[in-house]
Amino acid sequence: MSLSRLLLDIRPAEQPIALKNRGSAVTWDAFIGGTEKLYSDIVSSTSDRWILACPDPIEFLAAMFAVWHAGKIPVIPSNYQKESISAARSKSDGIIDNVDLSPSKRPPVKFNALDLHASKLILFTSGSSGKPKLVEKTLLQLDSEVLSLELQWGARLNKYPVVATVPHYHIYGLLFRLLWPVLAGRVFIADELTMPDILFSQIRKIGPVVLISSPAHLTRIPALVDLQDIKPYVECIFSSGAPLPHDVASLYGEKMGSAPIEVYGSTETGGIGWRQGSLSWTPFPSVNIRLSGAGTLEAKSQHTDNQDWFRTEDLAKIEEDGRFSISGRADRIVKIEGKRVSLDEITDRLSNHPWTDSSGVVFLEKARNTLGAVVVLSTEGSEQHSRQDKSQIVKRLKEHLSQWYDPVVIPRLWRFVSRMPTSDRGKTTISGLTSLFADDPADGPVIISMSKADNVLDLLLFVPSTLPHFEGHFPEFPVLPGVLQIHWAALYGMRELNIKGHFARIKKLKFHRVILPNTELTLQVVAHNNKLDFSYKTAEGMHSSGQLEFK
């Protein structure tokens, strides 16, 4: 079936389309009813472009089809943060943040098939290399890609439920978590399952499942759970957003019988190729590839309306059997003091040092252009750090890089974190890495990662020395002001956990240890009865805690 005819499909009213709230079924009838009600409300509106800001994936799906059938254009922001919504508003006329999925009391709507060419979708990329940019897709492109996925793996996936750790508003989550399952009649899990304990609790209840994930999640899972224990509950794993480290893919293959299926592509191109435990990628049958004069990969397919060849920035090599390999990005080659250097190459060499688990290198435009390195220490590196300060660690890593590079191009600025900063898609971004070196941060810290589960918010923060609040607090021994810690807990807790009202009082406030510049720490905020319990912790232990009440 085509996406253009989804709402014309006759399915049993009580057939589940999704599960939410730990197992409650959302039926086909509820989905159709919600779509019909929203369609009736917007079909006569003068607004042509509608932002889809529904946190609930089922409501998001209903809103998208309602907007399409009303002859309008859905606009999907890069995430649901305030700034991203504001950016999307400049390209839209209205916003939809919820859909009523209760039974409709209105007469049924007789939907016609959608025009595959005229029905369009506007997405904003996640901004991995800078600011998010607008990308327009036709329903034909989405439709052809879903068909390509079903032809490739549909028989293997059978009717297994689909579980995801990736958001539904990025192209990967949109296709793999929503459009593909709903078209193929597979139930998808609508709950947010980014926390490993909740994820595996659900998988064990409903398995076997198809897991839609990313390298950011998959690289951490083996340290939290025995892969052989979950093998009976997971039929297949998909990964996208960035390459999965080969040793991690091999570990899954060894423990679970098959490595995750990695999908390579972008918002603009759609899926280009896939691999499973291999270093090379296999193009999808419907995709043509070639190399540009600069050695970068170009793709052309129905996923791009078979228009002009789309040039990626990935440097590639096409092998004799038609497969291809990626060797870095053309836009990651920079000049430092007149010398050309590949940031990807430096990153690889740095990551290969036994003291590092992973790393990222970024170009920093300052008075004197330089490079910054972000490093996650390995177990061996952490042991070394326990015996010597970071300046000695940096010295050894610089000596390692000096085997290949002139001193002028070796990173001058270094940051050590417990995990790489990632977007809500689980992708390490250039903007996230660069923010760790910001000269002029705003009121807040650098958010390395954020996760939510029910009423609990967990943030991994980096507090740079350049934060203006360190000035004068205190001379020659700067520490993070306690009032600022309270402010951050209130700011993120109210915004992310939907706490309403005005601040009333603070209780149980304790400061155990000072927070120094260039510190990485966790902030946990728990909401209950219009209160926020917060705590700041590092490897040293608790730094501060308290309870905020609102009225």
Side-chain angles (χ1 to χ4, degrees), residues 194-196 216 220 223-224 357-360 372-379 381-382 385-386 389-391 393-394 413-424 426 428-429 432-438 441-453 456-471 473-474 477-497 506 508-527 532-548:
T194 55
M195 302 296 287
R220 293 199 290 267
L224 303 172
D357 183 57
S358 58
S359 66
V374 180
V375 174
V376 177
L377 291 174
S378 64
T379 301
S382 297
H385 181 233
S386 67
D389 62 34
K390 284 181 180 173
S391 64
I393 303 292
V394 170
L413 301 179
W414 295 73
R415 298 287 184 265
F416 293 88
V417 295
S418 64
R419 71 176 69 162
M420 301 301 285
T422 57
S423 66
D424 48 9
T428 299
T429 64
L433 294 172
T434 304
S435 67
L436 292 171
F437 301 93
D443 299 11
V446 177
I447 299 177
I448 297 176
S449 67
M450 177 190 299
S451 61
K452 282 189 295 184
V456 180
L457 173 68
D458 287 289
L459 300 104
L460 182 61
L461 309 175
F462 179 79
V463 184
S465 60
T466 49
L467 199 70
H469 305 86
F470 282 119
E471 296 179 10
H473 195 274
F474 295 93
F477 188 74
V479 299
L480 190 70
V483 67
L484 192 61
Q485 298 173 43
I486 297 169
H487 169 64
W488 289 348
L491 174 69
Y492 298 125
M494 292 184 72
R495 186 179 73 189
E496 300 296 334
L497 299 176
I506 186 168
K508 305 178 183 178
L509 183 62
K510 295 182 179 180
F511 292 98
H512 305 270
R513 294 178 175 85
V514 296
I515 298 175
L516 302 175
N518 291 331
T519 295
E520 180 192 292
L521 71 164
T522 60
L523 166 60
Q524 183 176 83
V525 187
V526 181
L532 292 175
D533 291 334
F534 71 89
S535 61
Y536 288 88
K537 298 179 182 177
T538 65
E540 298 176 0
M542 183 75 74
H543 284 255
S544 63
S545 60
Q547 183 182 82
L548 308 174

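Computed from a predicted structure; not experimentally measured.
Residues Leu377 and Ile393 meet the side-chain proximity criterion, which asks for heavy atoms closer than 4.5 Å. Leu497 has its side chain within reach of Val525: a pair of non-hydrogen atoms, C-beta onward, lies under 4.5 Å apart. With contacts defined as side-chain heavy-atom distances shorter than 4.5 Å, the pair Trp488/Pro445 qualifies.
Within the model, atoms OG of Ser359 and CE of Met420 stand 6.0 Å from one another, a figure rounded to the nearest 0.5 Å. Taking OG1 from Thr522 and NZ from Lys537, the interatomic distance works out to 6.5 Å, rounded to the nearest 0.5 Å. In this structure, Leu521 CG and Tyr536 OH are separated by 7.5 Å, a value rounded to the nearest 0.5 Å. To the nearest 0.5 angstrom, Leu532 atom CG is 11.0 Å from Leu491 atom CG. The distance from atom CG of Asp533 to atom CD of Gln524, rounded to the nearest 0.5 Å, is 9.5 Å. The OG1 atom of Thr519 lies 8.5 Å from the CG atom of Leu480; values are rounded to the nearest 0.5 Å.
Between Leu433 and Gly360, the shortest heavy-atom distance links the atoms CD1-CA, 4.1 Å.
Residues satisfying the side-chain hydrogen bond (donor to acceptor under 3.5 Å, both in side chains) criterion with Ser391, sequence neighbours excluded, are Asp389. Taking the side-chain hydrogen bond (donor to acceptor under 3.5 Å, both in side chains) definition, one finds that Ser544 meets it with Gln485, sequence neighbours left out. Listed by chain and residue number, Gln81, Met450, Tyr492 satisfy the side-chain contact (heavy atoms from CB on, under 4.5 Å) test with Arg495 (two or more places apart in sequence, or in another chain). With sequence neighbours left out, the side-chain hydrogen bond (donor to acceptor under 3.5 Å, both in side chains) criterion links Ser418 to Glu520. Remark: Asp357 engages no residue in a side-chain hydrogen bond (donor to acceptor under 3.5 Å, both in side chains) (not counting sequence neighbours).
Between Trp414 and Phe416, the angle of the ring planes stays under 30°, which puts this pair in the parallel group of the 30/60° scheme.
Looking at Arg415, its side chain never comes within 3.5 Å of a backbone N or O of Val374 through a donor-acceptor pair.
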Which side-chain N or O atoms in residues 511-518 pair as donor and acceptor under 3.5 Å with protein atoms at least two apart or in another chain?
unit_1 : atom_1 : unit_2 : atom_2 : d
Arg513 : NH1    : Met542 : O      : 2.9
Arg513 : NH2    : Glu540 : O      : 3.2
Asn518 : OD1    : Ser465 : N      : 3.0

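For the side-chain contact (heavy atoms from CB on, under 4.5 Å) with Pro421, the qualifying choice from Thr434, Leu460, Leu436 is Leu436, the only one to do so.
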Practice prompt. Show your reasoning for whether side-chain contact (heavy atoms from CB on, under 4.5 Å) applies to Gln547 and Ile506.
Written response: CA-CA 6 Å; Gln547 183 182 82; Ile506 186 168; over 6 Å; no
